[in-house]
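The structure under discussion appears below in the form of structure tokens.
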Amino acid sequence: MRVTATADTPLHQLVKWTVHNMATTIERYNPKEAEGRWQKVWNERQCFAASDDTGKPKYYVLEMFPYPSGRIHMGHVRNYTMGDVIARFKLACGYNVLHPMGWDAFGMPAENAAIDRKVHPKTWTYENIAAMRHQLQMMGLALDWSRELATCDPEYYRHEQAMFLDFLAAGLVDRKISMVNWDPVDHTVLANEQVIDGRGWRSGALVEKRELAQWFLKISDYSEELLEALDTLENWPDKVRLMQRNWIGRSEGMRFTFELEDEAGTKLEDGLTVYTTRHDTIFGATFCALSADHPMTQKLAEGSNEIAAFRAECAALGTSEEAIERAEKKGVPLGIYARHPYRPGVRLPVYAANFVLMGYGEGAIFGCPAHDQRDLDFVRKYGLDVIPVVAPRDADPASFKIGDEPYLENDDSQTTMINSDFLNGMSVPEAKEEIARRMEKAGIGERRTNYRLRDWGVSRQRYWGCPIPIIHCDDCGVVPVPKKELPVVLPEDVTFDKPGNPLEHHPTWKNVSCPACGKDARRETDTFDTFVDSSWYFARFCSPHSDQPVEAGAAAYWMPVDQYIGGIEHAILHLLYSRFYMRAMSKTGHINLDEPFANLFTQGMVIHQTYATKTGEWVFPIDVNLDGPKPVHAETGEPIVIGPSEKMSKAKKNVVDPENIIEQYGADTARWFMLSDTPPERDIEWTEAGAEGAWRFTQRLWRAINEAGHTEAGSEPGNDDSDAIALRRATHQALNAVGDDISALRFNRAIARIYELSNTLGQVLKQDKRTDGLNWAIREAAVILVQMFAPMMPHLAEECWQLLGQPGIVVETAWPKAVEALLVEDAITIAIQVNGKRRDEISLQKGLAKEEIESAVLQLDNVQRVLEGQTIRKVIVVPDRIVNIVAG
RNA sequence: GCCCUGCUAGCCCAAAUGGUGGAGGCGUCUGCCUUAGAAGCAGAAGGUUCCCGGUUCGAAUCCGGGGCGGGGCACCA
């Protein structure tokens, strides 16, 4: 074959191929022309509109919706291609498929754009949506665009506001004072990750800790349920379930109260309540410690400069240099003592300590330095006692000592209690049980389960978010906006010339009259965390135009999402919030469902090599010339240093623009590459060579289908037509495997099978002499091949379908059924081992009995030669697999 | 520090329950085709399955120890 083209024509623009040895001239496949054409056909025929025909089995496939940053990136391409393959496959399998798309459209970047470029967040956002919608459409995704939604649309967030009011009424909402990172220059709260070395990432100002009244959703009420239900999510990755389990952080322990006394030994009125999971180590307690923010610390600080100074020090610590400070355990004695409950006359000094958190348990602990690293660090600094109470079973209690490391053995069968009076000789669990019983009996403590999971703070001091539908009245306090006045629409006439939230200094929007008493009042100017928006959008897709948040019938039919696909980075927050939100919506009657995502798949990242100049400046891949012996800058000729492959990021410029790729090769090539080689859960490296390879394959397929299309129709082969039957076997076996692989999301393996069949077909097409039956089998192979790659390369598939003269279009064609009889191989090659070493192989009919195989094998010349002079001790026969002869 | 993961040809990766180490892709090399390059076609090379030990008739796979990479959590009492 030869290409009629000039040397400088980029290969993808070549239009004509001249094929020698063939009478026909094959037009080269031109994705640029074909892709738009087929997208139009699908659109006109409404191929991907989910029908309301609830008689059919449904399948809801969803990829995490994007933030409208303005351009799609390769991560999107990968994510949406995977979902698309499933959507198209399920469609072909006869399901009523829901595959929608929307926009996670609120958030800070829009405000930053407003500040930097003087463009209104709304304008910026909708322009970005338009641009990205166009890019997604270029990918040829099987999306039901009639269900598109944007979270910044009042038609969306009005329901969010209404549900918030229902949550409020149902006791699922709390307003609490909480500690936040406050940027005094920008007048806003910063998330932890926005604080860099103690300074605001934008203003550079020193961040303060400030107490602010914030709205919370009471997710912690559901700690146990969210934890337990993880066991039911069998089709979630174990990794994600484990991460959520750790995040919820259930611990079983005891809460109990020490009696307190002052320096002189006089009993104080208040006791000290602590939380512990190691009540078995109570005899090892040598001090108690309170958080700097503990009420008792606060009270004692009033009378002590030293304690007050310590509290100030802890507050200043804030989020900054946490890592450094963390290493040093510090405290200050409070001048009070805790009476040991089981050691009469022994009292434990009480400290305020920087490593005790107010937010967990009781904000107070007892220290057992022998068996806790932090406590040991602390006592070494302040010269307190160390009493080991757990020791190896065979250790001598009298001589067992703790050095620089605490004794942490957690295998209970290896340890025993020592130095612990009535607990001595017990195992750790026995000791825990004994202490719990005694404390409960004495009425000084009770068993208690604690969770690390905190309530979800949803207030953001931001403009571009969903307004929280609340009015603050001096007389009535917090007043919900009446439902009939919803939505509380974000005002558009705002400016960003002043720091802080524009809603704060909006003259008319903020000032309203109280819905309860009519007096002057103020709107809540905080807006919701955008994770609220994304906690129910998947439910909204079921009935996106309803005047209810979710239409009961639609949700009952479509939910849960059958296959959810997204990045592992959302393993905890988004997925946990969504699980909680479904429960909250169920409690308030908006839906009847606890778990929103039946199957979860977390795909890997797209990575790329990094390129830099000698001076360390990052260079875009597109500007690097790799053709020469050494990489150089395409324009300046400067040498380029190739760095490791990392997640594509603008900062390191190791990005490839999907639109460029689609322009250059077409969407099908980009989609195909994204699915090839690498298993979908792993990171995939984008390489130019790989993309070229995918591109070449589209052309190879096109040529093969062309040739097959020009093959005579033939007639169905008989069983004696071995070539034809062999091809049919290959076809149907591939079909079977590809269906299984797509169902299991093993796209890379499905693709390998498609390559395999395509190679087989290519070989067969080279044969000059063909029977009628073989011609028939060739056409069958071509048709099925097209159907198999249609979910991955849908445009090319339609083009090929037409070329083969098949009726209709591929997306409206049912997935073919493999012929069972062709799936079974009748001849099998069995390997023969002698003493575990492979010596020969034998071809036998499939399904023979062990004895038949054994006798056939033992007769082989090779085998007899190897066995000469040896005694056969044992013959292991694994039917259809292997025979191992043990001899000696 | 704790907990998850991964390690197979130069590279990306396949190898049901332990059963012939290789499906597929990229690259490399040789030849054909070509004025030439690319594409195309025909063929080839390439291995301590990260290391050590164990279980087994048999280990890439299971167990123990170690090495390197990736990720999560990390004052949570």
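Computed over heavy atoms, backbone and side chain alike; hydrogens, waters and symmetry mates excluded. Every chain is numbered from 1, with letters handed out A, B, ... down the list of sequences.
Summarising the geometry, the separation between CZ on A:Phe673 and P on B:rC12 is reported as 12 Å, rounded to the nearest angstrom. Summarising the geometry, the separation between OH on A:Tyr29 and P on B:rA39 is reported as 21 Å, rounded to the nearest angstrom. Here B:rC76 presents its C1' atom at 13 Å from CD of A:Glu362, a figure rounded to the nearest Å. Rounded to whole angstrom, the span from the CG atom of A:Leu376 across to the P atom of B:rC75 amounts to 18 Å. Between the C1' atom of B:rC57 and the CD atom of A:Glu854 lies a distance of 13 Å, rounded to the nearest Å. Distance, A:Leu575 CG to B:rG72 P: 15 Å, rounded to whole Å. If you measure from atom CG of A:Leu242 to atom P of B:rA74, you get 13 Å, rounded to the nearest angstrom. If you measure from atom CG of A:Asp238 to atom P of B:rC3, you get 17 Å, rounded to the nearest angstrom.
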Pull out every protein N or O sitting under 3.5 Å from an N or O of nucleotides 27-30 of chain B, one pair per line with the distance.
| from | atom 1 | to | atom 2 | distance (Å) |
| --- | --- | --- | --- | --- |
| B:rG27 | OP2 | A:Arg696 | NH2 | 3.4 |

Return the polar atom pairs (N/O with N/O) between nucleotides 19-24 of chain B and the protein under 3.5 Å, or none.
| from | atom 1 | to | atom 2 | distance (Å) |
| --- | --- | --- | --- | --- |
| B:rU20 | O2 | A:Arg838 | NE | 2.7 |
| B:rU20 | O2 | A:Arg838 | NH2 | 3.0 |
| B:rU20 | O2 | A:Glu841 | OE1 | 3.4 |
| B:rU20 | O4 | A:Thr829 | O | 2.9 |
| B:rA23 | O2' | A:Glu756 | OE1 | 3.2 |
| B:rA23 | O2' | A:Glu756 | OE2 | 2.9 |
| B:rG24 | N2 | A:Asp677 | OD1 | 2.9 |

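Across every strand in view, B:rA23 sits unpaired, with no contact that passes the Watson-Crick or G-U test at under 3.5 angstrom. Here B:rC73 sits opposite B:rG1 as a Watson-Crick or G-U wobble pair (both hydrogen-bonding atom distances under 3.5 Å). Using N1 to N3 plus N6-O4 or O6-N4 for Watson-Crick, or N1-O2 and O6-N3 for G-U wobble, each under 3.5 Å, B:rA36 pairs with nothing. In this structure B:rG43 sits in a base pair with B:rC29, meeting the Watson-Crick or G-U test at under 3.5 Å. Across every strand in view, B:rC68 sits in a pair with B:rG6 that passes the Watson-Crick or G-U test at under 3.5 angstrom.
Mapping A:Met358 and A:Ile684 onto RNA chain B via the closest heavy atom, the residue that lands nearer the 5' end is A:Ile684. Along RNA chain B, the nucleotide nearest A:Ala694 and the nucleotide nearest A:Ile568 are compared for position; the residue whose nucleotide lies closer to the 5' end is A:Ala694.
Side-chain contact, A:Gln609 with A:Ser645: no donor N or O sits under 3.5 Å from an acceptor N or O. No hydrogens or angles considered: a donor-acceptor pair under 3.5 Å links the side chains of A:Ser251 and A:Tyr275.
Using a cutoff of 4.0 Å between basic side-chain nitrogens and carboxylate oxygens, A:Arg255 and A:Glu362 are scored as salt-bridged. Looking at A:Asp231 and A:Arg245, a side-chain N of the basic residue comes within less than 4.0 Å of a carboxylate O on the acidic one, giving a salt bridge. Classification of A:Glu252 and A:Arg250 as a salt-bridged pair holds, one side-chain N sitting under 4.0 Å from a carboxylate O. Looking at A:Arg278 and A:Asp372, no side-chain N of the basic residue comes within less than 4.0 Å of a carboxylate O on the acidic one, giving no salt bridge. Using a 4.0 Å cut-off between charged side-chain N and carboxylate O, A:Asp377 and A:Arg374 make no salt bridge.
Look at the C1' atom in both B:rG22 and B:rC2: the space between them is 38 Å, to the nearest Å. Taking the P atoms as reference points, B:rU56 lies 38 Å from B:rA45, given to the whole Å. Spacing of P atoms, B:rA14 relative to B:rG58, comes out at 28 Å, to the nearest Å. When the P atom is compared between B:rU49 and B:rC32, the two are found 37 Å apart, to the nearest whole Å.
Here A:Asp668 pairs with nothing under the salt bridge (charged side-chain N to carboxylate O under 4.0 Å, His left out) rule; sequence neighbours left out. In this view, A:Glu646 and A:Lys652 satisfy the salt bridge (charged side-chain N to carboxylate O under 4.0 Å, His left out) rule, not counting sequence neighbours. Annotation: side chain to side chain donor-acceptor pair (under 3.5 Å) contacts of A:Asn759 (sequence neighbours excluded): none. Partners of A:Thr610 under the side chain to side chain donor-acceptor pair (under 3.5 Å) rule, at least two apart in sequence or in another chain, do not exist in this structure.
The residue A:Val356 sits close to a base: some heavy atom pair falls under 4.0 Å. Note on A:Arg454: a base of the nucleic acid sits closer than 4.0 angstrom, heavy atoms only. If you check every strand for non-hydrogen atoms under 4.0 Å, A:Thr276 touches sugar and phosphate atoms only. Nucleic acid contact class of A:Gln763 (heavy atoms, under 4.0 Å, all strands): sugar-phosphate only. Base engagement by A:Arg452 is indicated by at least one non-hydrogen atom pair under 4.0 Å involving a base atom.
One finds a side-chain N or O of A:Tyr360 lying less than 4.0 angstrom from the OP1 or OP2 phosphate oxygen of B:rA77. Look at A:Arg682 and you won't find any side-chain N or O under 4.0 angstrom from OP1 or OP2 of B:rG71.
Using cut-offs of 30° and 60° for the angle between ring planes, the A:Phe673 and A:Trp686 rings count as perpendicular.
Within 3.5 Å, no donor on the side chain of A:Arg245 pairs with an acceptor on the base of B:rC3, nor the reverse.
Of all nucleotides listed (B:rC73, B:rC13, B:rC76), B:rC76 comes nearest to the side chain of A:Leu357.
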